[in-house]
Amino acid sequence: MKGALLNYFFLMKTIKELPNSMTDKFPKDKSAYFNFANFINVSTYSFIYNPFKKDKYKLHELIRNNYKEFIVEVSILFKAHMEDSDSIFIDGILFLYGLISTNTLMDYLYPYIKGIKKDSYNLDKALNYLDSYIAAKDNIDLTKTSLYELFPNAYTYYDSIEEFIRNPLIKCFRFMGSNSYYKKSYKRFHTACKNSNKRGRLWDYIFFDKLFHKKDKKEYLIYTKYEDLSLLNLKKEDYIVNGITYNSTFEEVLDKALELSLKRIHALNSYLFLEKKDQEFRLEFNIDKNKKL
């Protein structure tokens, strides 16, 4: 999935800014952070390798368009159960951090890309390049190395947070089948990736992309050489977002997104761990003053 690596690196960058007392017990496995950073894209996974079946629920769009409401409901439920076990606490808090960081990043990054590219806007191609740009900083060539090689336990479903997924989906969207929906999505994509990502098997990706995704001009699975330095806006050229002129570079956009992501996580932590400290949480997530938390 294009943008998946960017989501991962942004979550890691966010977590590095948090106090050690918060992160000491977090997992060492990079795959866990990759999974939580990319949860919002899970509903897409199920249909990449099943092109003859349509996603009639489109949970990606539902959550993306209403992510603050979804995060609030997850937070309320998590607060009531975070002391049940260590796995529930760690997986639950990372699930929330991933939801906040990725959606905040998208809020800043997607309008930036559209503003920079104007008439030549193609989100998939832009994310292809930005993922590759981020990976290259760690000497990773995504045309030769698959995401599954980087994250061997990627696309794994966490039973520990099932309740934090199921109940908020019911409350926010009246969606009842989260367990089956998400488990099937993960399993189908995980199995296909495990087979396709053996060294030298990236042709599987190419086959599926060219055969099934050519029509919508998307390449979900493979990374191609796409070097477009204009996306970095190193010359600080003007671009317009929602009628306002900006000239930020890509790195400056990430910094702005990081600042808000940390502010939102701080608000969440205050609500979760401090008595009667929900004012900031209400403000950041647009919670009605009469809603009981």
Side-chain angles (χ1 to χ4, degrees), residues 1-18 30 33-41 44 60 63-65 67-68 97-147 150-151 154 217-266 284:
M1 291 296 300
K2 302 302 169 62
L5 201 62
L6 194 57
N7 293 341
Y8 162 76
F9 274 110
F10 188 74
L11 175 59
M12 295 302 291
K13 193 172 183 178
T14 300
I15 288 175
K16 284 180 181 177
E17 296 295 323
L18 299 176
K30 295 189 297 183
Y33 301 96
F34 179 86
N35 288 329
F36 289 122
N38 287 290
F39 170 80
I40 193 170
N41 295 320
T44 308
H60 167 85
I63 295 176
R64 175 70 191 128
N65 294 331
Y67 73 84
K68 289 184 179 180
Y97 288 176
L99 286 171
I100 290 173
S101 69
T102 297
N103 280 288
T104 303
L105 174 63
M106 289 178 175
D107 283 348
Y108 277 85
L109 183 61
Y110 288 10
Y112 164 80
I113 293 172
K114 192 169 185 178
I116 288 290
K117 299 310 296 179
K118 302 181 180 69
D119 295 336
S120 61
Y121 171 71
N122 183 314
L123 181 62
D124 193 58
K125 281 190 174 182
L127 293 176
N128 177 102
Y129 173 70
L130 293 176
D131 265 0
S132 300
Y133 168 75
I134 291 292
K137 289 185 173 183
D138 280 1
N139 297 315
I140 298 169
D141 184 347
L142 291 179
T143 65
K144 298 178 180 178
T145 305
S146 68
L147 291 180
L150 299 175
F151 308 102
K217 296 181 180 179
K218 290 181 180 292
E219 294 179 337
Y220 290 106
L221 304 170
I222 57 172
Y223 283 91
T224 54
K225 289 288 186 182
Y226 176 67
E227 298 181 358
D228 184 357
L229 292 177
S230 69
L231 282 165
L232 304 180
N233 201 24
L234 298 176
K235 295 182 179 179
K236 295 184 72 68
E237 295 181 358
D238 289 347
Y239 61 92
I240 298 174
V241 174
N242 297 325
I244 301 175
T245 301
Y246 298 90
N247 66 351
S248 303
T249 65
F250 168 67
E251 295 290 351
E252 288 172 344
V253 170
L254 290 188
D255 288 342
K256 291 176 183 177
L258 179 63
E259 183 180 353
L260 181 56
S261 179
L262 288 168
K263 186 177 181 182
R264 287 173 166 176
I265 286 177
H266 175 74
E284 288 299 326

Quiz prompt | Nearest non-hydrogen partners of D131 and G3, listed with the distance | solution = OD2-N, 2.7 Å

Exercise. Could you list the residues that satisfy ring pair (Phe, Tyr, Trp, His ring centres under 6.0 Å) with F151, not counting sequence neighbours?
Key: Y8, F34

Quiz prompt | Over 12 foreign heavy atoms within 6.0 Å of NZ, K263 | solution = no

Self-check item: Residues K68, R264; criterion side chain to side chain contact (heavy atoms under 4.5 Å, CB included); working and verdict
Solution: CA-CA 11 Å; K68 289 184 179 180; R264 287 173 166 176; 3.4 Å; yes

Quiz item: Under 4.5 Å between any side-chain heavy atoms of E17 and I265, yes or no?
Solution: no

Quiz item: Closest approach of S101 and S261, non-hydrogen atoms and distance?
Solution: CA-OG, 3.5 Å

Quiz item: Excluding sequence neighbours, so at least two apart, what forms salt bridge (Lys or Arg N to Asp or Glu O under 4.0 Å) with K236?
Solution: E252

Quiz item: Does a side-chain heavy-atom distance below 4.5 Å link Y110 with L127?
Solution: yes

Self-check item: Point-to-point distance, once rounded to the nearest 0.5 Å, from OG1 of T14 to OH of Y33
Solution: 12.5 Å

Self-check item: Heavy atoms from other residues, nucleotides or ligands near NZ of K235 exceed 12 (cutoff 6.0 Å)
Solution: no

Quiz item: Is K256 paired with D107 through a side-chain N to carboxylate O contact shorter than 4.0 Å?
Solution: no

Sequence neighbours left out, cut at 3.5 Å: what donor-acceptor pairs do the side chains of residues 238-247 make with other protein atoms?
none

Quiz item: Taking only residues two or more places apart in sequence or in another chain, which ones pass salt bridge (Lys or Arg N to Asp or Glu O under 4.0 Å) with K137?
Solution: E251

Quiz item: Counting N and O atoms only, with roles assigned by atom type, does the side chain of T104 sit under 3.5 Å from a partner on the main chain of I100, one being a donor and the other an acceptor?
Solution: yes

Quiz item: Sequence neighbours excluded, which residues qualify as side-chain contact (heavy atoms from CB on, under 4.5 Å) partners of Y121?
Solution: I113, K114, K117, L123

Practice problem: Drop me the distance from D255's CG to Y108's OH, to the nearest 0.5 angstrom. | Solution: 11.0 Å

Exercise. Please round to the nearest 0.5 Å and tell me the distance separating atom CD1 of I40 and atom OH of Y67.
Key: 9.0 Å

Quiz item: Within the side chain of T102, is there an N or O that forms a donor-acceptor pair under 3.5 Å with the backbone of A37?
Solution: yes

Exercise. May I ask you to decide if A4's main-chain N or O and N38's side chain share a donor-acceptor pair within less than 3.5 Å?
Key: yes

Exercise. Step by step, work out the side chain to side chain contact (heavy atoms under 4.5 Å, CB included) result for L232 and Y133.
Key: CA-CA 10 Å; L232 304 180; Y133 168 75; 3.7 Å; yes

Quiz prompt | Heavy-atom closest contact (N233 atom, Y112 atom, distance) | solution = CB-OH, 3.4 Å

Quiz item: For F36, which residues count as a ring pair (Phe, Tyr, Trp, His ring centres under 6.0 Å) partner, sequence neighbours excluded?
Solution: Y158

Quiz item: Would you say L109 and F10 make side-chain contact, with heavy atoms under 4.5 Å?
Solution: no

Self-check item: Separation of E227 CD from N128 CG (nearest 0.5 Å)
Solution: 10.5 Å

Quiz item: side chain to side chain contact (heavy atoms under 4.5 Å, CB included) between L11 and I15: does it pass, once the steps are laid out?
Solution: CA-CA 6 Å; L11 175 59; I15 288 175; 3.9 Å; yes

Practice problem: Kindly give the heavy-atom pair with the smallest separation between L6 and L130, and that separation in Å. | Solution: CD2-CB, 4.3 Å

